[in-house]
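Only one structure is covered here, and it is reproduced in the block below.
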Amino acid sequence: MSKPAVEPSTIESAPRSFIGRLADNDLVASFLSSKITVAAGLITLILLLAAVFAPLIAPTNPFNPATNFLIDSLTPPRFAAGGDPRFLLGTDDQGRDMWSAILYGLRVSLLIGIFSVLFGGAIGITLGLIAGYTGGWIDAIIMRIADVQLTFPAILIALLLDGVAQALLKNSNREGTAFGVLVVSIGLSFWVQYARTVRGSTMVEKNRDYVQAARLVGLSPARILVRHILPNVMGPVLVIATINLALAIITEATLSFLGVGLPPTQPSLGTLIRIGQNFLFSGEWWIVTFPSLTLAILVLAVNLLGDWLRDALNPRLK
Amino acid sequence: DAGAKTLRFAFQGELKSVDPYQINESFSLSVNESVYEGLVRRGPDMKIQPCLAESWELLDPLHWRFHLRKGVKFHEGQDFTADDVVFSAARVRGAGSDLKGRIPADADVVKVDDYTVDVILKAPNPLLINEWESWGIFSKKWSEEHGAMDATAMNATTPPYAALHANGTGPFILVSHEPGVKTVWKTNPNWWDKPRHNLDEVVFTPIANNATRVAALLSGEIDWMDPVPLNDQARVNANPDTQVLAGPEIRTIFLGMDQFRDELGHSNVKGKNPFKDVRVRKAFYQAIDEDAINQKVMRGQAAPSALMIAPSIYAEAKDFKRIPFDPQASKKLLADAGYPDGFEVQMDCPNDRYVNDEQICQAVVGMLARVGVKVNLNAEPKSKFFAAITAAGGYDSSFYLLGWTPTTLESFNVFQYIIGCRDQKTNWGGNNVGDYCNPKVDALAKSALQEMDEKKRDDIYKQAWQISLFDDVGYIPLHQQALAWGVSRKTHVIQRPDNYYIFAWVTMD
Amino acid sequence: MTNPLLSVRDLRVEFATRRGPLVALDGVSLDIAAGEILGIVGESGAGKSLTGLAIIGLLDPPGHIAGGEIRLDGRRIDNLPAAEMRKLRGRRIGMIFQDPLTSLNPLLRIGDHLVETILAHSALTPKQARERAIALLSEVGIPAPEKRIDGYPHEFSGGMRQRVVIALALCGEPALVIADEPTTALDVSVQAQIIAVLKKLTRVHGAAVMLITHDMGVIAETADRVAVMYAGRIVEIGKVSEVVRAPLHPYARGLMAAIPTLEGRVARLAQIPGAMPRLSAIPRGCAFSPRCPEAFDRCRVERPPLLTVGDRSAACWLYDRGHAPAMTTEIVS
Amino acid sequence: MSAALQLVSVRGLKRVFDVSRPWISRFIDREPRRLLRAVDGVDFTIERGQTFGIVGESGSGKSTLARMVVGLLRPSAGQVLIEGVDMAATSDPAARREVRRRMQMIFQDPYASLNPRWRIGDVIAEPLVAFGLGAAQASGSEKTLDKAGIVARVDDLLRLVGLDPSDKRRYPHEFSGGQRQRIAIARAIAANPDFIVCDEPTSALDVSIQAQILNLMRDLQETLGLTYLLITHNLAVLRHMATRVGVMYLGRLVEIAPTEELFAHPRHPYTRMLLDAVPDLAMSGRARTPVGGETPNPIDPPPGCPFHPRCPRAIDRCRIEAPILRDNVACHLPLSDSK
Amino acid sequence: MIAFIIRRLLASLGVLIAVGLIAFVMFRYVGDPVNQMVGIETPAAEREALRQQLGLNEPVIVQASRFLLNAARFDFGISYQFRQPVSVMIGARLPATLELAIVASILSLLAGVPLGVYSALRRDSALAKLFQALSLVGISLPTFLTGILLIYLFSVTLGWLPSFGRGAVVPIGSWWTTGLLTMSGLKSLIMPAITLALFQMTLIMRLVRAEMLEVLRADYIRFARARGLSERAVHFHHALKNTLVPVMTVVGLQLGSIVAFSIITETVFAWPGMGQLFLQSIQNVDIPIMAAYLLFIAFLFVIINLVVDLLYVIVDPRLRAAVHGASG
Ligand SMILES: Nc1ncnc2c1ncn2[C@@H]1O[C@H](COP(=O)(O)OP(=O)(O)OP(=O)(O)O)[C@@H](O)[C@H]1O
Ligand SMILES: Nc1ncnc2c1ncn2[C@@H]1O[C@H](COP(=O)(O)OP(=O)(O)OP(=O)(O)O)[C@@H](O)[C@H]1O
Ligand SMILES: [Mg+2]
Ligand SMILES: [Mg+2]
């Protein structure tokens, strides 16, 4: 063994603490540098926690019909005239505590958002990786399928799929199928975006020398895709995912308006708004205002995070 | 011209066709009545009045004679004669018609002379003309000229003329019909009757979205609309220019239970059907606080009902009281029936058909939950709901909410379609989704049809109601739903409990 | 050099970062006379491009000039308002960038680029501008310019495009052209053609050229004088022939020795150990001291200024008369 | 040149890229298929322990050739034999793997050749894991895949290329270009290959770093007995590194000669032109003779000798007949003949 | 160029056929049309007969291929609900929807592009940040709620704008009607168009901003500056042009989703367009209308795609070369 040609690298090698590295991280720093982003992050976090711990925070379980008394219905919020101390944000037409309903609804909306993004992402990323890596006719077929998919926006898919699902799953109840239908139809409307992005990045990455090096040691394409390429195409995917999360939550609300949302017994924020909009003229403003506000804040915060992520992950915008 | 009075009318659904035979749906029937008149019509008090028939007599229980009005002309100028009635009687029972039931298939409609028509029945039917106001008379000549002999056959390859054009004898003449967009009528200056209205033109627009429809009324863009959502009634009344005309409708909302299957299709109870046990049905009944539903969900606008027919069309309804709301009794009944911890069942419910249908179901779910029954609510649009629960869908429901308007305005219709034991061939009990079946009730109902005396008929019905709804608890009636029209204060309309929109009675300031 | 066209004194360029300012150029001083080609060499990241950008006033934020001054014809230009500076660009100072593939707007015709630029700098009519554009194209050696002028950038090869870029830089007849690695992306054979065009430029138009490159060979062949940069500083500046033959600064010496030549095979190339420090970790004292075989204590604490050695300058304490070890001074003589 | 000494032998290697437009477009515009002959019949051999250099302008097919030699790209025709074994023709997977293990590649761009998401320890260990080479070769027990063995070997390799073993936990972006190239070299030699293809290993590096890498490559060649195929467009680098040189032009080798000979007496006019075009650092006053024109479009190369449009010596025959490589030069009028 | 178009059309045809098939298979499960065609009292036997007449009992593939064959002749059958030829119905609703969608697109472009350009050019200014944040508010509420709130404000409270319908329309030619030529038509268009445009505007604005920021960093922009071009020329001649090329595709694709989203807008504003028709047809299981609508959307999408691609070719000389096959 020959003497090293040069002395060992001059990079400082003392390992630093986790916090130290965190503070040094560009992503974290850019996050902390914008007040709006920090606020959006905090709000998202709070809403996430509220959703996760809804059963602990909420005074009642709005999904349990036995605890909603019709007698209590249409009570104004605690702080408004005629309010009842039991109901912080008032009750809806079923006597459901709005505060609890919002907490649980948030949970449902977020779940729908997350699952549909995961669903769309999983399909899109897989197909995108395959199309980008293999190319040729497989690529052509996948991209044509994507074209077909694009002609079916989420609204159309949901309207159609809702019928299909209920016909196929005749014996399961709607409360069960609605969630699946929403996740699938919203997710389906997303996958093309992931597929196109991932395909593009994959076509770039696959010609990178590190992939060639991996091929040289005889790794299988699947392994190369998963271990080497996938981590490197996740950046833009993450950005799309964030923005789609917000979009999915809004889409669910919209679908609820068209009657293919979640059942009113297990309302999401969208369902609450759909129900609440019937009270726009009637003076029971709290039924629509609070869920809408929560939804708007959630969507806004998530979108702002997406914005930040987009800028932060784009090296050219630094 | 400036003084022209235009009535701007909006409804939540669209007018599918201007051919009244095409669909047996009360909105389309009622609106088309302004163009096509029947031999009879109903007044504001729901009483049957002469219309194109000046009078009629019952020669014997099987033989009806109608004397037609003379000097009546169709909108396009044709004279109205017995030929048109015979033609229309054939058309209404012909291909593509959805009103086939208006005249028994085996009845003969015979021209006696130009202004006399006989109807010869195979079986007596005192209720023959109860639904005849919706069976408007077509001009034979016009129909032949335009190939509108049939209400359109479904598989037609050319568009039916009569679905877009109309030629009746009524107070209004169709000007244009853009399906699902807008329909315009103008006054018939040559109408045989003296108009009560002072309109020149009627414009109908469908506005499906509740909030938009209310907004359009509030902002004065429309004069009359239906329905006003219960929530918005206070707002409409608070507006100085608009008001709500509310009243009980004759449609009864009720709950049905599957008493047919040996095991429920949508329940966790296996191997048996709890609804076959009258105690369970009664327990459900007593678990439901209809007063609360009326107060909260219906905002006090509905009429809680002990029967499945409205008091306005059944005189003896006042003798019946609902089985009292009593959760304790309910729990006990369930325990007695072997379900001390309740059970789980799916409830099917439309969410765009009846007034606050989904909310009623939700309330029911909550109330049943409190006696231990876990109800999974399956609320869906009417297209899917009806697809599942009708005969075509295999009556696929274990527990459901439904509404029924007896179009004959008479109890028999309810027994025939809803309470009677299901019979494929005769379509008896055709809408008895849960197949509640008691032959005694059927026998009573059928015997009523033989009874020409109204009072005696009502007594027979009384027995039948007692057995079906109180002894057997075959159904759980809830209420007659509220009727709520929104009108501008300058528009004066007459509201009938069957929710018919009669343009000919409207006056505007 | 009594009356330099361009004179840069103690130029300092910083990047504002969240960890404080990053000094990318520190005390850069140089002069260029009319008709002269000044070469700037140095490793990647040494600050060559920044020097050029600072002079033409196109530093991208957060980069900015933090000190020193730049004079063109004796007039200070580093603190001009944006509008004034824009008037100088193209007309007094032109710049050519490294990558001919990306320097042209792919959606516009070659002619559009040229005419637009000519019109921005003169009172010609569009028709005259077009004629001038054709003349410029033929001047930089594009065959059949009247045909090619309506072509799009992608229809040109790399070498051709670089010529177009040069023509564009010449539209306003600038007195100073900053050429940032104009030949790096090109093949050797084409490189020679481009160099010839640049040389002609100084001869015919009397323009001064600041030629930025990392290829010593190109400098040796083209430039009159050369500045060697290291870590944001000029370490040596002087006549090309002298710097190439007998570099003063240990870095320059190492650099020259590390270049393999055609002249014959050596057993091993001389190599400078280590790598240029990152801007955030430039050592105190001489930036080269950690890699310098001849560094002594002072080098590690005190930063050497550019010291005049004959008609050259070098930023190295070896040439500070008072402190230099006697032995190394001999190299100079 | 005895066959026993030949480690690598390349025979009639060709690679054609189909760069046609979609069939329907071609059909309508009545246009033939467009083929790009990136490598068009290349033959050479490399002896064990030697460095074979290939030089040529951009687009002449150097990288394509390199990728075919290591098996990243399937040749359209021809063979690559490693000690007589053709990897493409071997059906036995174990044998294929063995051939694959014996050759590795170093890439041009040090920034793209390392997966940015991987720690460099993992990067270097990957071939070891893939080829099942756990233990350091010193222990003698090959094919045992144990973690400690891999770690030890990675440390050795890092030291061998002049890095510190503690660097293995870092990510590529924390290294400079030269250091990355060292890491890439460490990965390339991890599986004890005999033969390394280097595609412009230093052209992205500064001269001072280039010297380090070239020296390292030389050192490794001496200690490990490596054989190199070195691709570059820098004649000086070639002069410094190669034992024999092939000159490529538009997909063909136009001249092959031992290094000294090539530089002293170039025989092909193109070689001559390349040599003339190198800037004269020694400032010997040698005038650069800019050659007119640029490399022709490889999709429709000129008929006859592809170099003839730029060749000062071209005769009519050159315009019609493509010369074949005879006597190690592909020219109708080689320079030495005329001299 | 012709070859390019033909190739695209062939691919499009495939897309159309696929959409037709998928749509048709799905309809099987949307509900039973017969239920909606007759009243609830109609007996089962009659329903069965009707089903037979409509061919609903045949295998899906038979129904689907019959549908596609007819569709190729622009014959989409007769609406189950309205008894009108579907092509006529869609034709009658088409102007309303297209007018709404196009006005909304123009609106979103008119607002989105300048806002995007501004917030890219003045990336760090307070106003740009405000635009960024405000634009998000537009997409933070579901469309239907925005629409109803607008109605509440402008129709009910202020009484400025009509709450529903299309106002007075005038016919142009034999089959087009427009509301753009009457005062009431224009007034009716304002709120639905804004509601529909809001989402797109946000999207376009953010896209333009992102693209522009990228383009502003391109070498040719820097070189344009170095040549002494004015900021205006640099921003609007060079940067904007290059920015709009990718924006074009997205805007094109979005037109498809504008039409889809018009389902909600049309429902809220009782706008007599295709979206409303489609929603009604779903509620009524009016299969011929549903199928024709989906095919129409696919067709629209395909056409837009083609136009966008052609525009690309026209705008971007590099693609032009690829399409023409010119080399060198
Ligand atoms: N926006 C920036 N932020 C921080 N540092 C920067 C920025 N732009 C350039 N630098 C740093 O400034 C230094 C000088 O860069 P410059 O581009 O002048 O180098 P160069 O000598 O031209 O190198 P090359 O030969 O690679 O072009 C580099 O270390 C670079 O990292
Ligand atoms: N996958 C491919 N498809 C089509 N053409 C290709 C492909 N790969 C390479 N080519 C073409 O083949 C020719 C040779 O390319 P190659 O990369 O081998 O050249 P090179 O000599 O390595 O050039 P450089 O010095 O620029 O790296 C070029 O014209 C290139 O455009
Ligand atoms: Mg540079
Ligand atoms: Mg290459």
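Chain naming here is simple, since letters A, B, ... match the order of the sequence lines and numbering starts at 1 in each.
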Spatial distance of atom CG (A/Leu230) from atom CZ (D/Arg117) [nearest 0.5 Å]: 10.0 Å
Heavy-atom contacts under 4.5 Å, residues 64-76 of chain D to chain A: D/Arg67, D/Val70, D/Leu72
Part of D/Glu222 lying under 4.5 Å from any heavy atom of chain A: neither
Crowding at CZ, A/Phe115 (>12 non-hydrogen neighbours, <6.0 Å): no
Residues of residues 191-227 of chain A contacting chain D, heavy-atom criterion under 4.5 Å, by residue number: A/Arg208, A/Asp209, A/Tyr210, A/Gln212, A/Ala213, A/Ala214, A/Arg215, A/Leu216, A/Val217, A/Gly218, A/Leu219, A/Arg227
